[in-house]
Each structure stands twice: as C-alpha cells, then as structure tokens.
Participant: 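Mind having a look at this structure? Questions to follow.
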Amino acid sequence: MAHDLPGERKLLLTWGVLMGLTLVSLVGGQVVGEGRAEPLAWWSVALVLGATYYKARQILMVYLNLRASTPGWKGLLRAFLVLTLGLILGGYLLAVLA
Amino acid sequence: MQAQEESDWGPLSDLPGNPLIWVLILGELVVFAAFFGVYGIARAGEREVFDASQQLLDPLMGGINTMVLLSSGLFAALAIEARARGALRTCRRWLLAAMALGLVFCIVKVYEYVDKFGQGLTLETNTFFTFYYLLTGFHFAHVIFGLGLLGLVVWRTSMANVETATAFWHMVDLIWVILYPLIYLLR
C-alpha cells in the first residue's frame, strides 16, 4: 500500500476532535449529577451514539489511514460501523419496548 | 518480485501493514460486534438488573481511560509518520509513548477490577457483570497482545512492522470506543 499518510497536523487535529467528542459522550451520558441514576433522554442517546460513530470513523479513516485505501474497503468498514452501532441501538430499543 | 508478492494478497494489499493482521482485525471486529448484539438482547430481558448494576461502574474513569487510549493511538500514528521519513529514533520514542499510555489504561482497568471484586461484584453476581467482565476482559487481553506487538516493533522497526503493529493497536482503540458507551453510558 502506498504511504499517503495523513501528516502530523491532521493527526493532532483528529486527536483534538476525538477528545472533544469523548467529552460530548460524557455530557450526553450524564455521568455526574442527579441524572446519573435516570434513564437517558432520547437526545442523550443520539448524542452518545452520534459521537461514538464519528469517533470510530475518525480512527478508521485517519489513525488507521483507510482514507488512502480503496473505496471498497472504506465503504465496507463504514458499513460495518453502521451495522455495529445499529445492533447496539436495536438492543437499546428492544429493552425500552420490552 | 515485491510487487508480485503484494498483489498475491488481493484486496488485502490495499490495507496498511501485513495483510495477515487484517484477517485477524476483521475477524475480531465481527466477534466483538456479535458480542454487542448478544449484550443488547440480554439487556432487553433484564433491563432493571442491567441499569442498577451499571450504576455501580465509574463512567468518568471509563471516559478518562478512553482519552488515554485515544492519545496512545495518536502516538502510534505519529510513530508511522516518523518511520516514513526515516527518523528511527523518533519512531521508537513514539512507540514507547504509545506503550506507556497503554500501560496506564491497563493500570486503571486493573484498579477498576480490584475495586469491583472488593465490593463482591464478580462474574457470577448477575448477567450484567458476566458481560462486563467478559467484554472488558476480552478487550483487556487484546490490549496486552497489542502492547507485546508494539514492544516487538520497537526492536524490529521496519515500516511494514510498524504499520502492522499500529493497525492492531488502532483496532484495540476502535473496539474500546464502541464498548465504552455500551457498557458504561447507555441506560
């Protein structure tokens, strides 16, 4: 595979985004305060899963450098991510509806 | 000759590192995804037990560990950048820094396990804790294996080796990023 690397600047920027999204997850997941014992609101679930998707995508495309790979691999791994998070959301909905 | 060897791996040649590591990575991703699905089904059957048990975890500590692992991933990616420009010593330093943060992750996780065991929360406490120990324990085993791989490429620092070990390390990162909200946050 050709070494079309992202470069240090892009890596540092991605790291900053990943840190920010982890903070978003912590806020969305209401890890402190009175809301800690309550079920999450729908907006919180969307925030946590949205941040998770974007973080996972950044790891694949920038850290793992799949952006330099073929459209087939990029599409396959994005589809895998959507499927995995869909499974998690499906399980969550199943518990809510049960 | 080298081009012919690379093309023998077919589509796997388009991925960074040794194609064999990708067979492992893709297999592991599928196994973890299956576990996540089974966890969701189990939670649907015992929602109260899962939600009450989740309250006994420390999501803030899990969040800090997420940041530690993501920073370790950055160092691993920077090691490739250094290796690509031929800066071997810098590459080794980044790899060692990635390993150091990997060790911090392990120390935090062990502290968490000891704390839970101290509270009498074991694999057999309930279904949630069975999943908690199995999923995080399986991931922990991958962290240890990844640390071993990184250690090997500090010694044998070819571009292919560094790409191979860091690809595995990023997979460890990726799985934790999905595992963390599932176990610690969603309720």
Side-chain angles (χ1 to χ4, degrees), chain A residues 1-3 5-8 10-12 14-15 18-19 21-23 25-26 28-32 36-40 44-45 48-49 51-53 55-56 58-60 62-66 68-70 72-73 76-77 80-81 83-85 87-98, chain B residues 6 11-17 25-26 29-30 32-34 36-47 50-52 55 58-60 62-64 66-67 70-71 73-74 76-78 80-84 159 163 166-167 169-171 173-175 177-178 180-182 184-187:
Chain A
M1 185 183 170
H3 298 133
L5 296 172
E8 291 183 357
K10 188 167 179 63
L11 285 173
L12 286 170
T14 300
W15 174 79
L18 290 170
M19 292 296 111
L21 286 171
T22 302
L23 290 175
S25 292
L26 291 174
Q30 298 173 39
V31 298
V32 289
R36 166 107 169 82
E38 301 295 321
L40 291 183
S44 292
V45 175
V48 168
L49 288 180
T52 301
Y53 172 78
K55 279 161 73 178
Q58 290 299 98
I59 291 171
L60 284 171
V62 184
Y63 276 12
L64 255 168
N65 200 30
L66 289 186
S69 187
T70 60
W73 277 117
L76 183 75
L77 283 154
F80 170 80
L81 257 190
L83 185 74
T84 304
L85 290 177
L87 264 178
I88 290 173
L89 180 63
Y92 183 82
L93 291 175
L94 202 64
V96 170
L97 299 173
Chain B
E6 280 179 12
L12 288 173
S13 307
D14 297 321
L15 295 166
I25 287 173
L26 296 170
L29 289 177
V30 171
F32 270 100
F36 297 159
V38 174
Y39 173 93
I41 293 167
R43 181 173 179 269
E46 299 179 57
R47 188 179 171 188
F50 272 61
D51 286 359
Q55 293 295 310
D58 186 345
L60 204 54
I64 290 167
T66 304
M67 291 178 167
L70 288 171
S71 302
L74 168 72
L78 287 171
I80 293 186
E81 297 279 345
R83 183 62 189 84
M159 185 64 179
E163 278 190 325
T166 56
W169 193 243
H170 294 315
M171 185 271 287
D173 239 3
L174 178 68
I175 289 169
V177 158
I178 300 173
Y180 167 64
L182 179 71
Y184 288 81
L185 299 180
L186 290 177
R187 58 184 183 277

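Computed over heavy atoms, backbone and side chain alike; hydrogens, waters and symmetry mates excluded. In the text below, chain A, chain B and the rest are named by the order of the sequence lines, each starting its count at 1.
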Participant: Answer with side chain, backbone, both or neither: which region of Leu182(B) has an atom nearer than 4.5 Å to a non-hydrogen atom of chain A?
Facilitator: side chain
Participant: Do the side chain of Arg187(B) and the main chain of Glu38(A) share a donor and acceptor less than 3.5 angstrom apart?
Facilitator: yes
Participant: Ignoring hydrogens and geometry, is there a side-chain-to-backbone donor-acceptor pair from Ser69(A) to Asp14(B) under 3.5 Å?
Facilitator: yes
Participant: Asp51(B), Val38(B), Ile178(B): which one forms the most heavy-atom pairs within less than 4.5 Å of chain A?
Facilitator: Ile178(B)
Participant: With only heavy atoms counted, which part of Leu89(A) is less than 4.5 Å from chain B, the side chain, the backbone, both or neither?
Facilitator: neither
Participant: Is it the backbone or the side chain of Tyr184(B) that comes under 4.5 Å from a heavy atom of chain A, or both, or neither?
Facilitator: neither
Participant: Minimum heavy-atom separation for Ala56(A) to Val177(B), with atom names?
Facilitator: N-CG1, 4.1 Å
Participant: I'd like to check Met67(B) versus Leu23(A) (side-chain heavy atoms, cut-off strictly below 4.5 Å). Are they in contact?
Facilitator: yes
Participant: Using a cut-off of under 4.5 Å on heavy-atom pairs, state which of Thr166(B), Val30(B), Leu70(B), Ile80(B) scores highest against chain A.
Facilitator: Leu70(B)
Participant: Heavy-atom distances under 4.5 Å only: say whether Leu26(B) touches chain A with side chain, backbone, both or neither.
Facilitator: side chain
Participant: How many angstroms lie between atom NE2 of His170(B) and atom CG of Leu60(A), to the nearest 0.5 angstrom?
Facilitator: 10.5 Å
Participant: Under a 4.5 Å heavy-atom cutoff, which of Phe80(A), Tyr92(A), Trp73(A), Trp15(A) has the most pairs with chain B?
Facilitator: Trp73(A)
Participant: Counting heavy-atom pairs closer than 4.5 Å to chain A, which one of Ala52(B), Gly37(B), Gly73(B), Ala167(B) comes out on top?
Facilitator: Gly73(B)
Participant: Can you check whether Leu26(A) reaches Thr66(B) side chain to side chain, under 4.5 Å on heavy atoms?
Facilitator: no
Participant: If you take all heavy atoms of Gly29(A) and Leu185(B), which pair is closest and at what distance?
Facilitator: CA-CD2, 4.2 Å
Participant: Could you check which of Ala76(B), Pro181(B), Gly63(B) has the highest count of heavy-atom pairs closer than 4.5 Å to chain A?
Facilitator: Pro181(B)
Participant: Highest number of heavy-atom pairs under 4.5 Å with chain A: which of Gly45(B), Gly40(B), Pro59(B)?
Facilitator: Pro59(B)
Participant: Non-hydrogen atoms of chain B under 4.5 Å away: do they reach the side chain of Leu11(A), the backbone, both or neither?
Facilitator: both
Participant: Which one of Leu87(A), Leu18(A), Ile88(A) has the most heavy-atom pairs closer than 4.5 Å to chain B?
Facilitator: Ile88(A)
Participant: Non-hydrogen atoms of chain A under 4.5 Å away: do they reach the side chain of Arg47(B), the backbone, both or neither?
Facilitator: side chain
Participant: Considering only heavy atoms from C-beta outward, does the side chain of Leu29(B) approach that of Thr84(A) to under 4.5 Å?
Facilitator: no
Participant: Does any backbone or side-chain atom of Leu83(A) lie under 4.5 Å from a heavy atom of chain B? Answer side chain, backbone, both or neither.
Facilitator: neither
Participant: Of the backbone (N, CA, C, O) and the side chain (C-beta and beyond), which part of Leu12(B) lies under 4.5 Å from a heavy atom of chain A, both, or neither?
Facilitator: both
Participant: Drop me the distance from Leu15(B)'s CG to Leu77(A)'s CG, to the nearest 0.5 angstrom.
Facilitator: 7.5 Å
Participant: Let me know if Leu12(A) has heavy atoms under 4.5 Å from chain B in its side chain, its backbone, both or neither.
Facilitator: both
Participant: At a heavy-atom separation under 4.5 Å, does Val62(A) approach chain B through its side chain, its backbone, both, or neither?
Facilitator: neither
Participant: Which region of Asp173(B), side chain (C-beta onward) or backbone (N, CA, C, O), has a non-hydrogen atom less than 4.5 Å from a non-hydrogen atom of chain A, or is it both or neither?
Facilitator: both
Participant: Would you mind reporting whether Lys10(A) and Glu81(B) have side-chain heavy atoms less than 4.5 Å apart?
Facilitator: no
Participant: Side chain, backbone, both or neither: which part of Leu97(A) has a heavy atom under 4.5 Å from chain B?
Facilitator: neither
